[in-house]
2 protein chains.
Amino acid sequence: MTVRLTGRLAQRDDVPLGDRCPIDRTLQLIGNRTALLLLREVFYGASRFDSLVKRVGVTDAVAAQRLRELVEAGVLTKEPYREPGQRTRHAYVLTTAGHDLLPAVLALLQWGTAHSSGGGPIVTHADCGEPVQVEVRCAAGHVVDEDDLVVGSRR
Amino acid sequence: MTVRLTGRLAQRDDVPLGDRCPIDRTLQLIGNRTALLLLREVFYGASRFDSLVKRVGVTDAVAAQRLRELVEAGVLTKEPYREPGQRTRHAYVLTTAGHDLLPAVLALLQWGTAHSSGGGPIVTHADCGEPVQVEVRCAAGHVVDEDDLVVGSRR
DNA sequence: TGGCTGACTATGGTTTCGGCAAGTTAGACT
DNA sequence: AGTCTAACTTGCCGAAACCATAGTCAGCCA
């Protein structure tokens with residue numbers, strides 16, 4: 001196991017208490033297996049209830065519960081659609097808040113893929129075919145290393 | 001087999017079952033409140049047991065349990081250190097696998113900050129002072145929109 | 001030697017998550 | 001009218017997460 005030390009431990013430990021940030025709600029929403037897998041499948045293109053249940057491999061009861069929570073949280077919406085000879089059904093589609101979750105979901109999936117033996121799917125950019133990764137950058141476009149992060153209180 | 005994700009429902013739902021990826025281990029590790037908050041504080045610069053306990057606001061019992069799991073999973077390591085007049089203690093520092101979690105943790109924190117009323121801390125780049133954000137980019141450096149993601153089976 | 005403190009470890013109780021099983025409801029088909 | 005099915009809903013159970021409290025252990029100091 002390799003360890004990259006920052007070399008600034010003593011000073012860094014004096015950083016004051018970070019602001020409480022609303023991570024509890026985030027974790028309550030997608031901090032469970034089913035919700036995250038459901039979101040992954042929605043990102044991968046699934047939208048119908050039975051399709052999501054089959055892909056995630058969870059019981060329909062749990063899937064229904066998590067989907068309801070995701071809809072209530074404003075991450076997914078139910079869009080009515082009708083296929084010929086079928087009655088009206090509802091497709092689960094991402095809201096803008098749901099779209100904003102893409103980096104988080106992708107980052108979690110990538111870490112799991114990179115740091116365990118199982119391997120995983122390869123996600124690439126349609127325009128150029130290059131593999132996709134999640135990066136930490138500042139607004140000026142620089143790739144930011146962990147040591148260069150500054151945590152500030154809100155203005 | 002590769003599938004392009006487009007915005008169209010009918011096509012998107014035909015995407016076959018995604019590869020199983022090792023998300024269970026990931027969620028078992030950081031899919032709980034305490035582990036994620038501990039990691040956040042380590043990223044923010046904390047390293048000592050009592051400091052982490054105080055910052056996260058969790059009982060020492062739970063913190064010890066989660067820290068042990070994080071060490072066992074290879075995300076953190078215990079580095080011995082000694083302050084004058086004190087006995088040897090251990091600091092919790094990130095391994096390379098732990099460093100790789102930065103995008104995921106930051107993305108979760110950012111989503112929570114952006115999509116709830118509470119607000120949150122502002123993370124900036126030390127070199128230029130610009131706010132930091134998590135981006136999805138391909139290896140060629142393009143910012144990748146969700147509709148331009150291609151999910152392929154492993155080669 | 002005895003007290004103090006930091007870093008845990010152990011126990012018990014409540015809430016949440018997921019699996020299993022059964023029931024419900026609305027519309028299409030016969 | 002009766003059957004079938006997709007999409008849920010409800011209830012029970014075991015496991016895991018969290019909290020609170022109490023106990024342990026190792027070194028430093030008086």
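First the proteins, then the strands, lettered A, B, ... as listed; each starts at 1.
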Colleague: Which one of B:Leu149, B:Val144, B:Val143 satisfies the side chain to side chain contact (heavy atoms under 4.5 Å, CB included) criterion with B:Cys138?
Modeller: B:Val144
Colleague: Using modelled atom types and a 3.5 Å cut-off, is there a donor and acceptor pairing between side-chain atoms of B:Trp111 and backbone atoms of A:Ala97?
Modeller: yes
Colleague: Measuring to OP1 and OP2 of D:dA6, would you say a side-chain N or O of A:Tyr81 lies under 4.0 angstrom away?
Modeller: no
Colleague: Please report the shortest heavy-atom distance between A:Pro103 and A:Val134, naming the atom on each side.
Modeller: O-CG2, 3.9 Å
Colleague: Return the nearest nucleotide to the side chain of A:Arg82; candidates are D:dA7, C:dA28, C:dT9.
Modeller: C:dA28
Colleague: Classify the side chain of A:Arg87 and the base of D:dA6 as holding, or not holding, a donor-acceptor pair under 3.5 Å.
Modeller: yes
Colleague: Within the 4.0 Å heavy-atom criterion, would you say B:Thr88 contacts the bases, only the backbone, or no part of the nucleic acid?
Modeller: nothing
Colleague: Strictly below 4.0 Å: does A:Thr34 bring a side-chain N or O up to OP1 or OP2 of C:dG18?
Modeller: yes
Colleague: Specify the separation, in whole Å, of atom CD1 of B:Ile30 and atom P of D:dC18.
Modeller: 13 Å
Colleague: State, to 0.1 Å, how close B:Pro80 and B:Thr88 come at their nearest heavy-atom pair, and which atoms those are.
Modeller: CB-CG2, 4.0 Å
Colleague: How long is the line joining CG of A:Leu29 and C1' of C:dT16, in whole Å?
Modeller: 15 Å
Colleague: Pick base, sugar-phosphate or nothing for B:Ala61, based on heavy-atom distances below 4.0 Å to the nucleic acid.
Modeller: base
Colleague: Taking CZ from A:Phe49 and C1' from D:dT5, how many angstroms apart are they, rounded to a whole number?
Modeller: 13 Å
Colleague: Take the protein atom CD of A:Gln65 and the nucleotide atom C1' of D:dT10, then report the distance between them rounded to whole Å.
Modeller: 11 Å
Colleague: By nearest nucleotide on DNA chain C, pick out whichever of A:Arg33 and B:Lys78 is the more 5' one.
Modeller: B:Lys78
Colleague: Could you state the CD-P distance from B:Glu69 to C:dT9, rounded to the nearest angstrom?
Modeller: 12 Å
Colleague: According to a strict under-4.0 Å criterion, is A:Tyr92 in side-chain N/O contact with OP1 or OP2 of D:dA7?
Modeller: no
Colleague: With heavy atoms under 4.0 Å as the rule, sort A:Val58 into base, sugar-phosphate or nothing.
Modeller: sugar-phosphate
Colleague: Which heavy-atom pair separates B:Val132 from B:His125 by the least distance, and what is that distance?
Modeller: CG2-N, 3.7 Å
Colleague: Over how many whole Å does the gap from A:Asp60 atom CG to D:dT5 atom P extend?
Modeller: 15 Å
Colleague: Under 4.0 Å between any heavy atoms, over every strand shown, what does B:Asn32 touch: base, sugar-phosphate, or nothing? Just pick one.
Modeller: sugar-phosphate
Colleague: Can you measure A:Arg89 atom CZ to C:dT25 atom P for me and round it to whole angstrom units?
Modeller: 18 Å
Colleague: Specify the separation, in whole Å, of atom NE2 of A:His90 and atom C1' of C:dT25.
Modeller: 13 Å
